[in-house]
Asker: 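Sending over a structure as structure tokens; questions will come in a sec.
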2 protein chains.
Amino acid sequence: MVREQGPPQHPWAYVAVDVVVLTIRDRQLQVMTIRRAIAPGQGGPALPGGFVRLDEDLEAAARRELREETGLEVDYLEQVRTYGAPGRDPRARTFAVLYLAVMADLPDGAAGTDASAASWVPVDELLAVDLPFDHHEMLVDAVERARSKLEYTPIAASFCRTAFTIGDLRRVYEIVWGKRLNPANFARKVQSVEGFVVETGDVVSEGRGRPAKTFTRGDVTRLHPPLRR
Amino acid sequence: MVREQGPPQHPWAYVAVDVVVLTIRDRQLQVMTIRRAIAPGQGGPALPGGFVRLDEDLEAAARRELREETGLEVDYLEQVRTYGAPGRDPRARTFAVLYLAVMADLPDGAAGTDASAASWVPVDELLAVDLPFDHHEMLVDAVERARSKLEYTPIAASFCRTAFTIGDLRRVYEIVWGKRLNPANFARKVQSVEGFVVETGDVVSEGRGRPAKTFTRGDVTRLHPPLRR
DNA sequence: CAAATAGTGTCTCTTAGACAGTATTAT
DNA sequence: ATAATACTGTCTAAGAGACACTATTTG
């Protein structure tokens, strides 16, 4: 019963947070990357992240690192999983708590001081590149989490700006799920889920086609019935 | 960019695993507890758990601690969430990775060497007791995870022995969800989900009533369509 | 005009759930 | 026999998805 002996004689480790920030840009699912200044993976892309401070909660650490490394303030942040394989960081015993963040496609530099080393990359492209630590697995896990959360939470609205059309929302689902959805059935479904979207009363014209009503996100945290993939 | 400076000058911490082991005993959802030998919570119940070794993966640590503290070998083990609020352990900065485990109702002492300080407690009862650290929140989170996993994974079978009846399986759902289910509709539903259960060809008579066919778990990892709560 | 997008109407097929009824056991 | 559990049959209502059609815009 190891724990009963108290901590001082126990092994200690470094604890880091890493963040997969997703958005939709140019009709693609993209992820925020930073350029690594040191080995491993020096000069290459990696997920933003860093060590948790002693006086700081995990989620606060994720937000702080994101702000420091990319200048981003995200709309949605959720813990995904913790990685702790003994050799995952060749330098020292390090655990990494992974967060998934979602944000709307804001104009570059809308926020961001240290944006020089930070850039958006399409998820498929980043998955084809060699990434340090277990960032590849993290990206796969976070994207899969996002995909399944679209089914039963209103997370899709976090990919959109404050006011959005049903078409905007549908494109989120189509791009994240990689699958075409029937516009008519999708619109009916979304509006039948109590509290998912709230009509603003405005309409917007986005290029060609009939102008669309706009909506803001409602107040539910779970969709029932869910939208099936 | 803190991470870029390398670990040595960064804050370190202790990393523990805690495990919520669930089973169904006496028609109740029960959780495995140990008796704490030291403060905080000395003499009271707590979740089994302990510090992760340097050369050990998280899941291996969870299995080892469980074996050492309770003698149990579980059927199903899944990471739930990591807790890292600064003051959560008054002794030192400690992060805890929570695991959910599920097992069948085996006879007491079927396994177990150190079973003296370990005992099953109904979940509702443990939730009403003062628990050390954030074990209360952990228990709530793990039980909620189990509840939702019943919907879309075959985890219910892990509460049953190798061979089980549809009635056994239904009682798992009823007890974990705290809700009566229609036996006829449940049986039809379960057997219509491809790969959830496989008929053995045997029948068993359990007390009164018509003997029931027995089944073993199938090979799917996700149920589609899901069983709705 | 055509093309593109938004939105409505409606039909069909599947499924969830209610519930009645039959089968087989213990007491 | 009665109670309890297993299992089957059947009806109804709701939801998913296909698809035709109307509405309103740009070029």
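To find a chain, count down the sequence lines: A is the first, B the second, and so on, and within it residues start at 1.
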Asker: Which whole-number value in Å describes the distance from B/Leu169 CG to D/dA6 P?
Answerer: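 Result: 12 Å.
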Asker: 5'-most contact on DNA chain D: A/Lys179 or B/Gly167, nearest heavy atom basis?
Answerer: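 So the residue in question is B/Gly167.
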Asker: With no hydrogens and no angle check, do the side chains of B/Asp75 and B/Ser158 hold a donor and an acceptor under 3.5 Å apart?
Answerer: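 B/Asp75 vs B/Ser158: donor-acceptor pair found between side chains.
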Asker: Should the heavy atoms of other residues, nucleotides or ligands under 6.0 Å from CD of B/Gln28 be counted, would the total exceed 12?
Answerer: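 Yes, because the 6.0 Å sphere around CD of B/Gln28 holds more than 12 heavy atoms from other groups.
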Asker: Does CZ belonging to B/Arg228 count more than 12 external heavy atoms closer than 6.0 Å?
Answerer: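 12 or below, so no.
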Asker: Check ring pair (Phe, Tyr, Trp, His ring centres under 6.0 Å) between A/Phe186 and all other residues, then give those that pass, not counting sequence neighbours.
Answerer: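 If we apply the ring pair (Phe, Tyr, Trp, His ring centres under 6.0 Å) test to A/Phe186, skipping adjacent residues, the hits are A/Tyr173.
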Asker: Does B/Gln191 use its side chain to pair, donor to acceptor, with the backbone of B/Ala187 at less than 3.5 Å?
Answerer: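 At least one qualifying donor-acceptor pair exists.
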Asker: Does a side-chain N-to-carboxylate-O contact under 4.0 Å join B/Asp57 and B/Arg63?
Answerer: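 No, this pair does not count.
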Asker: Of all nucleotides in DNA chain C with an atom under 4.0 Å from a non-hydrogen atom of chain B, which is the first and which the last going 5' to 3'?
Answerer: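 It runs C/dA16 to C/dA26.
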Asker: Once each nucleotide of nucleotides 19-27 of chain D is scored for protein heavy atoms under 4.0 Å, what B/S/- sequence comes out, 5' to 3'?
Answerer: B---BBBS-
Asker: Nearest 0.5 Å, please: how far is CZ in A/Phe215 from CG in A/Asp168?
Answerer: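 A/Asp168 CG to A/Phe215 CZ: 11.0 Å, rounded to 0.5 Å.
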Asker: In whole angstrom, give the distance that lies between atom CG of B/Asp168 and atom P of D/dT5.
Answerer: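 About 12 Å, once rounded to whole Å.
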Asker: Is A/Glu144 salt-bridged to A/Arg81, going by a charged N under 4.0 Å from an acidic O?
Answerer: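 No.
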Asker: Taking CZ from B/Phe186 and P from D/dT8, how many angstroms apart are they, rounded to a whole number?
Answerer: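 Rounded to whole Å, this separation is 15 Å.
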